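Taking it in order: structure first as structure tokens, then the write-up.
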2 protein chains.
Amino acid sequence: MKTKDNSLKTLEQFKDEQYGKRGTSKREELETGYENFKIGALIHEARIKKGMTQEQLAIKAGTTKSYISKIENNIKEVRFTTLQKIVELGLGGHIELSIKL
Amino acid sequence: MKTKDNSLKTLEQFKDEQYGKRGTSKREELETGYENFKIGALIHEARIKKGMTQEQLAIKAGTTKSYISKIENNIKEVRFTTLQKIVELGLGGHIELSIKL
DNA sequence: AATAAAGTTATCCGATAGTGCAACTTTACG
DNA sequence: CGTAAAGTTGCACTATCGGATAACTTTATT
């Protein structure tokens, strides 16, 4: 459970909660890395917007709720096709991706 | 060199761009994006637009040209963070990704 | 035609994505 | 409060990504 009132978090709030409390210095990694956190935060945000639980999303996407949790918290890396599977099958949406040069 | 159609530069054209004129880059407006896409084609197109070889891209991105080739031909799956690494470090660009519900 | 650059393909193998189960914690709600 | 739903975490396991190297084919240039 993320919020008490069903409202969406900002990305900063999400980062604070997920990475600020552990004591591990993953925070610096967030700022200088490849912005991996965006994936988990994006999926989380999209799922909440659809009003789905992790388990509902997992079943639709053909995976497990534990895996969804790990992805949303950036514990596991995601293969790109897996990301597409979760978004398209699970959330009923689609990914728009562009490479800006 | 893959084909002799217009999408690929000759070696001389490439050298002109890379080592010749170091003036203002006119590539900033380049963008490669799809909704229904094969990730390999996306990377390939972006690489050609930057006038880079697979090997140059590989070195910049911290990988090998054989891996770049396999990705462009959709032989290997790509981890999302690897995709970011290739685009940001290798191509000097960035990914814009959004989930449409 | 010869040579070199660019790209493809093959193979090995350590690292890790992803599965599945289960126990645990946190939150929601009567 | 007590219960259940939602979410988190851990562990063992399998599939495969991805690094490294090298041989090979295709294309470009002289």
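Just so it is clear, the model here is predicted, and its values are computed rather than measured. Proteins come first, then strands; the chains are lettered A, B, ... in the order of their sequence lines, and each starts at number 1. Note: hydrogens, waters and symmetry copies are ignored here, and every other heavy atom, side chains too, is used.
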Output a table of nitrogen or oxygen pairs between the protein and nucleotides 11-16 of chain D separated by less than 3.5 Å.
unit_1	atom_1	unit_2	atom_2	d
dC11(D)	N4	Lys70(A)	NZ	3.1

| request: Establish, with yes or no, whether the OP1 or OP2 oxygen of dA6(C) is under 4.0 angstrom from a side-chain nitrogen or oxygen of Arg47(B). | output: no

| field | First of Ile71(B) and Gln56(A) reached from the 5' end of DNA chain D, by closest nucleotide | value | Gln56(A)

| field | Whole-Å gap separating P (dA6(D)) and CG (Asn73(A)) | value | 17 Å

| said: Test of understanding: with side chain to side chain contact (heavy atoms under 4.5 Å, CB included), list the residues that count as partners of Lys60(A), not counting sequence neighbours. | reply: Met52(A)

| query | Starting at CD of Glu55(B) and ending at P of dA6(C), how long is that distance when rounded to a whole Å? | reply | 7 Å

| Tell me: CD1 of Ile59(B) to P of dA5(C), nearest whole Å? | 13 Å

| The side chain of Thr63(A) lies closest to which of these nucleotides: dT21(D), dT19(C), dG7(D)? | dT19(C)

| said: Please enumerate all residues that pass side chain to side chain contact (heavy atoms under 4.5 Å, CB included) together with Ile59(A), with sequence neighbours excluded. | reply: Glu55(A)

| Closest to side chain of Ser69(B), choosing from dG19(D), dG18(D), dT9(C) | dT9(C)

| What residues form a side chain to side chain contact (heavy atoms under 4.5 Å, CB included) with Ser66(B), not counting sequence neighbours? | Thr64(B)

| Are any non-hydrogen side-chain atoms of Arg47(A) and Glu72(A) less than 4.5 angstrom apart? | yes

| note | Closest non-hydrogen contact found for Ile99(B) with Ala46(A) is CG2-CB, 4.1 Å

| field | Side chain to side chain, Leu57(A) and Thr63(A), heavy atoms closer than 4.5 Å | value | no

| Of Lys65(A) and Ala61(A), the one whose closest DNA chain C nucleotide lies more 5' | Ala61(A)

| query | Rounded to whole angstroms, how far apart are CG on Leu57(A) and C1' on dA6(D)? | reply | 13 Å

| message | In whole Å, I'd like the distance from the OH atom of Tyr67(A) to the C1' atom of dC21(C). | response | 17 Å

| query | Hey, does the side chain of Thr82(B) come within less than 4.0 Å of dG18(D)'s phosphate (OP1/OP2), counting only N and O? | reply | yes

| Rounded distance in Å - CD1 (Ile86(B)) to C1' (dG18(D)) | 10 Å

| query | Separation of Met52(B) atom CE from dA5(C) atom P, in whole Å? | reply | 17 Å

| query | To the nearest 10 degrees, how far apart in direction are the end axes of the helix from dA1(C)-dT30(D) to dG30(C)-dC1(D), each fit to five base pairs? | reply | 60°

| field | Rounded interatomic separation in angstrom, taking CD1 from Ile48(A) and C1' from dG7(D) | value | 11 Å

| query | Is Leu101(B) close to Lys50(A) at the side-chain level, that is, under 4.5 Å between some pair of heavy atoms? | reply | yes

| request: Measure the OG-CG distance between Ser98(A) and Leu42(B) for me, rounded to the nearest 0.5 Å. | output: 8.5 Å

| From Leu83(B) atom CG to Leu97(B) atom CG, the distance as rounded to the nearest 0.5 Å | 9.0 Å

| Base, sugar-phosphate, or nothing: which does Ile68(A) touch, judged by heavy atoms less than 4.0 Å apart? | nothing

| query | Pick the nucleotide of DNA chain C nearest each of Leu83(A) and Ile75(B); which residue has the one closer to the 5' end? | reply | Ile75(B)

| Using a cut-off of 4.0 Å on non-hydrogen atoms, how would the nucleic acid contact of Ser66(B) be classed: base, sugar-phosphate, or nothing? | base

| task | Using a heavy-atom cut-off of under 4.0 Å over every strand shown, decide if Thr53(A) touches base, sugar-phosphate, or nothing. | result | sugar-phosphate

| remark: Residue set satisfying side chain to side chain contact (heavy atoms under 4.5 Å, CB included) with Thr82(A), at least two apart, ordered chain then number -> Tyr67(A), Val78(A), Arg79(A), Ile86(A)

